[in-house]
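What you see is a predicted model; the values in this text were computed from it and never measured. Convention: sequence-line order gives letters A, B, ...; per-chain numbering from 1.
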Amino acid sequence: MAKVTIPLGPQHPALKEPANFALSLDGERIIGAAVNLGYNHRGIEKACESRNYTQTLYLIERICGICSHSHSTAFARAVEEVAGVEVPIRAEWIRTLVAELERLHSHMLWLGVAGHELGFDTLFMVSWRDRELVLDLLSKITGNRVNYGVNKLGGVRCDITQEHIDLIKPVLDQLDESIKYYIELVTNERTLAARMLGVGTLNYDDAVAYGASGPVARAAGVNRDTRRDDPYAAYPEIPFNVIIDDHADVYGRAVVRALELVESVKIIRFILDNLPDGPLETRVPRRIPEGEAFSRYEAPRGEDVHYIKGNGTDKPERVKVRAPTMANAASVALMLQGSYLADVPIIVAAIDPCFSCTDRTISVVDYSSGREGTLDWQALRKYSIDWYRSQGIAFDDLSRRM
Amino acid sequence: MKTGKILPKAIKNLFSKPATSEYPAKKDAIFDDYRGLIAYNAEACIGCMSCKRDCPTGAIDIEKVGDKQYKATLRIDRCVFCGQCVESCPRDDALWYTSEFELAGLTKDAMKIDVLSDR
């Protein structure tokens with residue numbers, strides 16, 4: 001049978017965000033796949049350069065609607081490092097507490113989405129109902145359901161009182177029960193296993209070669225977790241297990257996420273029992289000195305990396321964000337190879353994609369020839385000068401008014 | 001491995017109360033500490049413009065209307081409810097959150113409001 005190439009997306013009912021997959025099919029089997037991102041480029045990194053650090057923190061928090069705390073903590077930690085500020089220990093623990101609550105709701109969200117993509121909507125309903133418990137908690141502690149605004153440069157904005165602890169603990173008991181149910185469901189339900197076992201395989205070597213991170217890598221047996229390997233915030237003092245699985249398929253990813261829910265609940269209990277006293281913030285100067293910092297963070301979806309460069313003013317010189325999906329997107333093309341067309345939605349969903357967070361680049365395509373290319377700094381500069389000149393603005397004569 | 005493990009739960013849920021709240025009849029999703037619309041006490045404001053300087057979206061504006069008298073306007077369509085204005089304010093009693101969250105409007109003009117303390 002002749003090879004057929006079909007596009008999936010950017011607009012497709014199975015995708016929650018715009019992304020394009022060019023699939024080459026032999027019958028129902030996929031023999032080649034290409035992932036094309038870039039439909040949601042928002043120019044956030046550039047926008048950061050025109051805002052002061054406090055404003056940037058809130059813009060960074062809005063990169064992702066699910067792992068908002070991950071991005072804002074990674075950014076705040078990078079700025080604090082450049083400024084040479086030590087964050088109080090209590091603030092670090094509160095950041096960790098919110099981070100783990102976020103991981104809980106993010107993994108439960110994934111479980112629901114996965115159920116939905118598999119056509120198992122009862123699981124979707126049940127897990128999203130239980131996720132509301134976590135969102136209500138976050139809303140009570142921080143004042144908002146998703147963009148918590150917990151972080152400030154040098155510390156946190158909200159305290160955890162005894163009242164909060166009394167509020168969280170019963171919910172954790174409730175969650176314990178539902179998580180136990182999820183694990184039983186994921187590991188023992190035949191219909192789920194039939195749709196997930198052997199689907200979207202990514203073996204150990206490929207996971208390492210393609211730089212997969214987070215649950216995708218851990219499901220392939222890659223023993224990697226930034227919380228343990230490069231501990232930040234309160235993680236050096238908190239005991240927890242890194243969940244690894246060797247199924248290397250969608251099933252493995254589901255098991256890793258389900259078991260990580262248990263670990264998150266354990267970490268939250270530990271934090272509530274051992275929360276140290278002390279101040280909530282250290283003052284950070286408005287002007288951040290010259291310097292650069294690199295910050296790693298284990299977001300629910302994988303490793304989140306932030307880079308910032310300060311130039312002595314109150315605005316960053318450069319902000320670079322590599323969201324976890326960027327690391328995992330490359331391996332999707334490999335997972336799709338050899339799979340059935342009907343399995344594409346769950347294979348894509350299994351990396352827990354967040355394409356809007358990931359889009360950092362656009363490709364430059366020559367309209368007439370269709371050839372892709374790159375623009376270096378000089379060419380980009382020339383292009384912008386020519387473009388503005390065509391609009392009647394000449395940069396070689398800046399005194400001339402528009 | 002078993003089949004239909006979720007069936008008992010699904011059948012039970014079929015006959016139990018809905019998990020969602022009956023909005024707008026009941027608004028139990030909003031808590032006291034919720035970061036909703038801000039409130040402003042003009043008498044306490046010292047006009048330092050800290051809130052305006054730190055607002056990530058340029059939503060809040062403080063205007064001088066007389067000698068040591070100020071007025072706050074808020075563009076609700078720009079506000080992201082981060083609460084940084086309240087955080088930046090050096091006074092304790094000039095800006096605070098309310099749990100008011102039903103802020104939709106039909107025109108752009110309706111989205112620009114004077115922030116008052118009695119809202």
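For CD of B:Glu102, the number of neighbouring non-hydrogen atoms (other residues, nucleotides, ligands) closer than 6.0 Å is greater than 12.
Of the possible donor and acceptor atoms, none in the side chain of A:Arg253 sits under 3.5 Å from a partner among the backbone N and O of A:Ala219. With B:Thr98 contributing its side chain and B:Leu37 its backbone, the two residues share a donor-acceptor pair below 3.5 Å. Not a single donor-acceptor pair under 3.5 Å links the side chain of A:Glu317 to the backbone N or O of A:Asn311. Side-chain atoms of A:Trp128 come within 3.5 Å of backbone atoms of A:Leu109 as a donor-acceptor pair (strictly under, hydrogens ignored). Judged purely by atom type and a 3.5 angstrom limit, A:Asp159 has no side-chain atom pairing as donor or acceptor with the backbone of A:Thr161. A donor-acceptor pair under 3.5 Å is formed between the side chain of A:Arg51 and the backbone N or O of A:Ala47. Within the 3.5 Å criterion, the main-chain N or O of B:Phe81 finds a donor-acceptor partner in the side chain of B:Arg35.
In terms of heavy-atom pairs under 4.5 Å with chain B, the best-connected choice from A:Thr142, A:Val126, A:Leu135, A:Asn144 is A:Asn144. For the options A:Leu185, A:Thr191, A:Thr187, heavy-atom pairs under 4.5 Å to chain B are most numerous at A:Leu185. If you tally non-hydrogen atom pairs under 4.5 Å between each of B:Ser99, B:Ala19, B:Gly83 and chain A, the highest count goes to B:Gly83.
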Report the C-alpha distance between A:Glu80 and A:Arg95 in whole Å, list the side-chain angles of each, state the deciding distance to 0.1 Å, and finish with yes or no for salt bridge (charged side-chain N to carboxylate O under 4.0 Å, His left out).
CA-CA 14 Å; A:Glu80 284 149 8; A:Arg95 278 181 182 178; 2.8 Å; yes
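For the side chain to side chain donor-acceptor pair (under 3.5 Å) condition, the pairs that include at least one residue of residues 55-74 of chain B, sequence neighbours left out, are B:Lys52-B:Asp61. The salt bridge (charged side-chain N to carboxylate O under 4.0 Å, His left out) analysis of residues 138-158 of chain A, with sequence neighbours excluded, yields the pairs A:Glu132-A:Arg145, A:Lys152-A:Glu281, A:Lys152-B:Glu87, A:Arg157-B:Glu87.
The contact list for residues 2-12 of chain B toward chain A, using heavy atoms and a distance under 4.5 Å, reads B:Lys2, B:Thr3, B:Gly4, B:Lys5, B:Ile6, B:Lys9, B:Ala10 by residue number. The contact list for residues 53-62 of chain A toward chain B, using heavy atoms and a distance under 4.5 Å, reads A:Thr54, A:Gln55, A:Tyr58, A:Arg62 by residue number.
Contacts between A:Asn147 and chain B at a heavy-atom distance below 4.5 Å involve the backbone alone (N, CA, C, O).
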